[in-house]
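Below is one structure, written out as structure tokens; comments come after it.
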Amino acid sequence: MSKALIVYATRTNQTKGIGELVAEGLRMAGVDVQIMSVQEFDKAGVNPEDFDALVLGSATYHGEMMQPMKTFLFKLERYSLEGKVGGSFGAFGWSGEAPGRIFDTMKNIYQMKMVGGPLRLKSAALGGGIEMAQGYGKEIAGALNDAA
Ligand SMILES: Cc1cc2nc3c(=O)[nH]c(=O)nc-3n(C[C@H](O)[C@H](O)[C@H](O)COP(=O)(O)O)c2cc1C
């Protein structure tokens with residue numbers, strides 16, 4: 001069974017909710033998923049190299065991803081992630097820069113095999129967000145099957 005790790009940064013839990021729906025989509029497609037905040041990651045002792053896919057999320061504040069996700073992206077330098085399947089997501093209000101910045105870093109620095117475009121949602125509950133987020137999870141699962 002393929003394994004995916006979802007790590008998110010959030011302030012008011014919208015991004016967490018989107019991440020949980022992406023996790024549902026992955027699980028529906030038979031992928032084993034662990035989901036945690038950046039803060040939980042620091043305590044959990046998990047190794048991203050043990051996963052086939054890494055999916056990262058952050059809300060956008062003041063035109064940027066949240067500081068804990070920036071720090072986390074630097075921390076990933078100690079792991080070998082090249083060729084792993086990747087995705088990014090995040091809640092936003094109007095400009096939503098964070099998911100795109102995360103996506104570009106995973107692609108250009110970590111040479112990951114990125115899926116789709118970044119998933120940007122105002123809220124998981126609005127405008128078909130539930131289906132879109134679950135669908136993104138299924139799309140990532142599809143990329144895992146292609147890689148197998
Ligand atoms: C002080 C403040 C600044 C924000 N700046 C932005 C911004 O620059 N661009 C944007 O798209 N949304 C911005 N937002 C909206 C948040 O991204 C939005 O509320 C999002 O749902 C929060 O997600 P979270 O619950 O995961 O923290 C801002 C919100 C606040 C309170």
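Order of listing sets the numbers, starting from 1, for every ligand and every atom in it. Quick note: residue numbers are just sequence positions, from 1. Computed from heavy atoms alone, side chains included, the values below leave out hydrogens, waters and symmetry copies.
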Self-check item: Other residues, nucleotides, ligands: >12 heavy atoms within 6.0 Å of Lys107 NZ
Solution: no

Quiz prompt | N or O contact, Ala59 vs ligand 1, cut-off under 3.5 Å | solution = no

Quiz item: Does the protein put any heavy atom within less than 4.0 Å of atom 12 (N) of ligand 1?
Solution: yes

Quiz item: For atom 5 (N) of ligand 1, which protein heavy atom lies nearest, and how many Å away is it?
Solution: His62 N, 3.0 Å

Quiz item: Tell me, do Lys84 and Lys113 make a side-chain contact under 4.5 Å, heavy atoms counted?
Solution: no

Quiz item: atom 14 (N) of ligand 1: which protein heavy atom is closest, and how many Å away?
Solution: Thr60 O, 3.4 Å

Practice problem: Distance to 0.1 Å, residue and atom name: give those for the protein heavy atom nearest to atom 8 (O) of ligand 1. | Solution: Gly63 N, 2.7 Å

Quiz item: Has the side chain of Lys122 got a donor or acceptor atom that lies under 3.5 Å from a matching backbone atom of Gly93?
Solution: yes

Quiz item: At what distance is the nearest protein heavy atom to atom 27 (O) of ligand 1, and which residue and atom is it?
Solution: Tyr61 OH, 2.6 Å

Quiz prompt | Ion pair Lys75/Asp42, N-O distance below 4.0 Å | solution = yes

Quiz item: Do the ring centers of Phe41 and Phe72 come within less than 6.0 Å of each other?
Solution: yes

Quiz item: Do any N or O atoms from the side chain of Tyr136 and from the backbone of Gly25 form a donor-acceptor pair under 3.5 angstrom?
Solution: no

Exercise. Distance to 0.1 Å, residue and atom name: give those for the protein heavy atom nearest to atom 9 (N) of ligand 1.
Key: Ser95 OG, 2.7 Å

Quiz item: Is Thr12 in polar range of ligand 1, meaning some N or O pair under 3.5 Å apart?
Solution: yes

